[in-house]
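Here the structure is laid out as structure tokens; the discussion comes afterwards.
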Amino acid sequence: MWESSWNARLRELSKQCLFFEALTVYRQMLRRGHSPNAFTFPFALKSCAALSLPLTGSLLHCHVLKTGCEPEPFVQTALVSMYCKCCLVDDARKVFDENPLSRKLTVCYNALIAGHTSNSRFSDAVLLFRRMREAGVAVNSVTMLGLVPGCAAPVYLRLGMCLHGSSVKCGFDIDSSVTNCLLTMYVKCGSLDHARKLFDAMPEKGLITWNAMISGYAQNGLATHVLSLYKEMESFGVCPDPVTLVGVLSSCTHLGAQGIGREVERRIESCGFGSNPYLNNALVNMYARCGNLVKAHTIFDAMPQKSLVSWTAIIGGYGLHGQGEVALELFDKMVMTRIRPDKTVFVTVLSACSHAGLTDRGLEYFAAMEKRYGLQPGPEHYSCMVDLLGRAGRLKEAKELIESMLVNPDGAVWGALLGACKIYKNVELAELAFEHVVELEPTNIGYYVLLSNIYSDAKNLEGVLKVRVMMRERKLKKEPGFSYVECKGTVHVFLAGDRTHRQTEEIYRMLDELENLMMEPGVSDENDQGRNEEQLVHSEKLAIAFALLNTAPGTEIVVIKNLRVCGDCHLFIKLVSRIVDRQFVVRDATRFHHFRNGVCSCKDYW
DNA sequence: ATAGGGTTAG
């Protein structure tokens with residue numbers, strides 16, 4: 001057999017994703033004394049990447065060097081990609097840096113950029129992207145696909161929007177993969193309105209587009225949106241796949257909608273997806289959380305491969321419904337099948353103990369968590385433990401546990417103690433817990449009510465009054481409304497009626513002008529009218545005027561508010577965008593604590 | 001002939 005026939009076989013197998021077989025063929029080829037060439041390596045390396053075999057991969061790298069195929073651009077790119085997919089980003093980097101040729105290739109840059117992004121080295125990816133552009137190497141839509149997923153966190157939203165902008169400018173958005181990727185980016189940033197806008201604007205929605213939007217809603221807890229979109233998808237004649245149904249099932253879980261869940265299960269059967277592990281996990285979770293433990297357990301038992309996620313779902317189900325003993329039994333069984341527990345499964349185990357009143361066993365498992373499994377407990381574990389001790393009346397121990405914490409307790413930890421004080425009528429400790437909890441979650445009204453009830457149980461009318469005054473005070477004062485707007489890498493903060501900004505004069509002049517333009521006929525609809533009487537200028541109006549003054553036409557303006565946007569602001573924004581032809585996105589700042597410091601870090605990356 | 005990418009569960 002000639003080299004070319006070996007290569008053809010390799011190609012065929014790799015095309016069919018039979019990567020293990022492809023590597024076997026590669027080995028046979030060597031054994032029969034045939035030398036691999038530049039057409040051999042890309043397939044062999046791709047197989048190593050797909051199977052994540054770093055050792056075989058570096059052995060292949062040696063063969064590449066020995067046969068002198070190194071200068072081949074296809075081989076270089078395959079090497080870079082292989083190392084990245086095996087999580088050896090630095091080795092990929094070395095191949096890239098040592099071959100000047102690579103640094104002229106778009107594909108090679110693309111592979112390396114995507115590799116850095118997917119190995120959580122996004123800032124390096126952005127640096128590479130910058131270097132790529134400085135070197136004059138052409139950027140294409142695949143470059144975007146490597147970069148955009150890195151913006152999947154609110155901090156990077158602005159950068160993601162920049163990438164969106166350049167994609168549109170360069171016409172990369174014709175490629176639906178790029179748009180799907182951007183859509184997912186917005187979803188992961190929690191910017192669902194934006195994702196939806198992109199979704200609605202897509203002329204041809206493929207299955208992946210529907211899935212991205214459906215899972216996006218599911219991940220953000222918008223269960224009703226998921227169900228209505230799923231219906232819409234079916235009415236368009238698009239057939240769901242396992243990814244779609246996972247999103248739908250997770251929403252059924254949220255809503256406790258076992259009926260719809262059952263329908264989905266039938267659909268799974270009829271489509272032949274019955275063996276999909278993701279779907280089975282989602283089904284177990286749905287039935288377990290809806291209280292149908294028999295059904296959940298039946299599906300769980302039938303699963304040939306039970307992952308940590310499957311075990312967590314079933315354990316959580318029993319724990320949630322007060323069957324702590326069963327939950328613990330299952331946990332022990334899981335450990336016996338040599339599955340290493342993680343932090344998440346411990347949350348369900350500890351909360352199972354507290355639901356069932358298994359105080360000492362809970363303490364045991366909590367101790368084992370760190371000692372046996374080397375898992376640092378986080379605040380979510382401590383709040384379970386405080387709840388556990390507190391419900392058992394061991395308030396002193398609960399308090400001492402909080403004091404011994406290495407991580408900072410969050411509101412839920414002190415809140416659990418406060419809840420225990422209610423059960424055991426301990427006013428003194430309740431006051432202490434409240435002091436902390438109110439500092440961490442000053443706007444959570446539930447804790448005020450709890451303390452008030454504790455005072456009321458103790459017939460401490462003075463206390464009740466004190467809390468009531470406090471609540472009224474807070475309500476009266478509220479947190480002052482403020483808005484952020486990002487401009488050139490900095491976040492500008494405005495309070496309502498603010499006059500401290502150095503561009504105040506210009507801003508107010510701009511607002512006047514806008515207000516006048518709004519009076520023009522044709523700008524406001526009839527039903528938009530008659531709402532001009534507020535005295536204090538809202539913070540977001542100031543932010544918007546500032547942004548209009550300081551950003552380029554055509555770019556989108558993101559306004560971040562710390563309070564729920566009232567009807568007025570929506571109207572204002574609607575009218576302004578009509579007048580100046582700019583796009584606005586309003587976001588809720590409560591999801592963006594990192595903006596609280598007033599600075600955004602995207603400057604560093606662009 | 002050969003390289004780079006988008007959606008999923010606790």
Side-chain angles (χ1 to χ4, degrees), chain A residues 3-5 7-8 10-12 14-15 36-46 49 69 72-82 84-85 102 105-115 117-118 139-149 172 175-185 187-188 205-216 218-219 240-250 253 273 276-286 288-289 300 303 306-317 319-320 341-349:
Chain A
E3 270 78 4
S4 60
S5 346
N7 289 343
L10 263 174
R11 187 185 58 182
E12 207 41 53
S14 143
K15 218 183 214 167
N37 62 22
F39 293 128
T40 320
F41 287 118
F43 298 120
L45 288 166
K46 192 182 171 181
C69 291
E72 280 299 322
F74 285 93
V75 176
Q76 269 175 39
T77 310
L79 276 170
V80 168
S81 166
M82 180 277 294
C84 285
K85 295 223 169 107
S102 300
L105 289 176
T106 298
V107 272
C108 221
Y109 262 111
N110 288 351
L112 198 64
I113 287 173
T117 303
S118 57
V139 171
N140 64 15
S141 58
V142 182
T143 319
M144 290 300 155
L145 291 171
L147 222 40
V148 172
F172 299 151
D175 185 345
S176 64
S177 308
V178 173
T179 317
N180 289 334
C181 196
L182 286 164
L183 203 160
T184 305
M185 184 271 296
V187 160
K188 297 257 160 86
K205 301 177 190 31
L207 179 59
I208 294 188
T209 310
W210 286 99
N211 285 349
M213 197 67 235
I214 287 178
S215 340
Q219 284 159 17
D241 76 343
V243 179
T244 326
L245 299 177
V246 161
V248 176
L249 278 177
S250 120
T253 312
F273 301 148
N276 183 297
Y278 281 88
L279 275 174
N280 279 310
N281 287 337
L283 275 174
V284 170
N285 192 43
M286 187 270 295
R289 297 194 78 99
F300 177 78
M303 287 175 69
K306 299 173 179 65
S307 71
L308 180 55
V309 177
S310 329
W311 287 97
T312 309
I314 193 77
I315 292 169
L320 195 67
D342 69 351
K343 286 189 173 193
T344 311
V345 75
F346 266 108
V347 173
T348 65
V349 166

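A quick note: this is a predicted structure, and the numbers were derived from the prediction, not measured. Reminder, nothing fancy here: chain letters follow the sequence lines and each chain counts from 1.
Every residue meeting the side chain to side chain donor-acceptor pair (under 3.5 Å) condition with A/Ser310, not counting sequence neighbours, appears here in chain and number order: A/Asn281, A/Ser307. A/Phe300 pairs by the ring pair (Phe, Tyr, Trp, His ring centres under 6.0 Å) definition with A/His297, A/Trp311, not counting sequence neighbours. Listed by chain and residue number, nothing satisfies the ring pair (Phe, Tyr, Trp, His ring centres under 6.0 Å) test with A/Phe43 (two or more places apart in sequence, or in another chain). Take A/Ser118 and apply the side chain to side chain donor-acceptor pair (under 3.5 Å) test, not counting sequence neighbours, and it matches no residue. Residues satisfying the side chain to side chain donor-acceptor pair (under 3.5 Å) test with A/Asn37, not counting sequence neighbours, are A/Asn7, A/Thr40.
Using a 4.0 Å heavy-atom distance criterion, A/Asp342 is classed as a base contact. Nucleic acid contact for A/Glu12: none, since no nucleic acid atom lies under 4.0 Å from a heavy atom of the residue. Among the atoms of the strands shown, none is found under 4.0 Å from any heavy atom of A/Asn276. Nucleic acid contact for A/Leu283: none, since no nucleic acid atom lies under 4.0 Å from a heavy atom of the residue. Residue contacts for A/Thr179: at a heavy-atom cut-off of 4.0 Å it reaches no nucleic acid atom on any strand shown. Within 4.0 Å of A/Ala38, counting heavy atoms only, lies at least one base atom of the nucleic acid. Among the protein residues, A/Lys85 comes within range of the sugar-phosphate backbone only, with heavy atoms under 4.0 Å from sugar or phosphate atoms but none that close to a base. Among the protein residues, A/Phe39 comes within range of the nucleic acid bases, having at least one heavy atom under 4.0 Å from a base atom.
Once you apply a 4.0 Å limit to the heavy atoms of chain A, the touched nucleotides of DNA chain B run 5' to 3' over B/dA1 to B/dG10.
Annotation for A/Leu145 and A/Cys181: closest pair CD2-CB, 3.7 Å, computed over non-hydrogen atoms.
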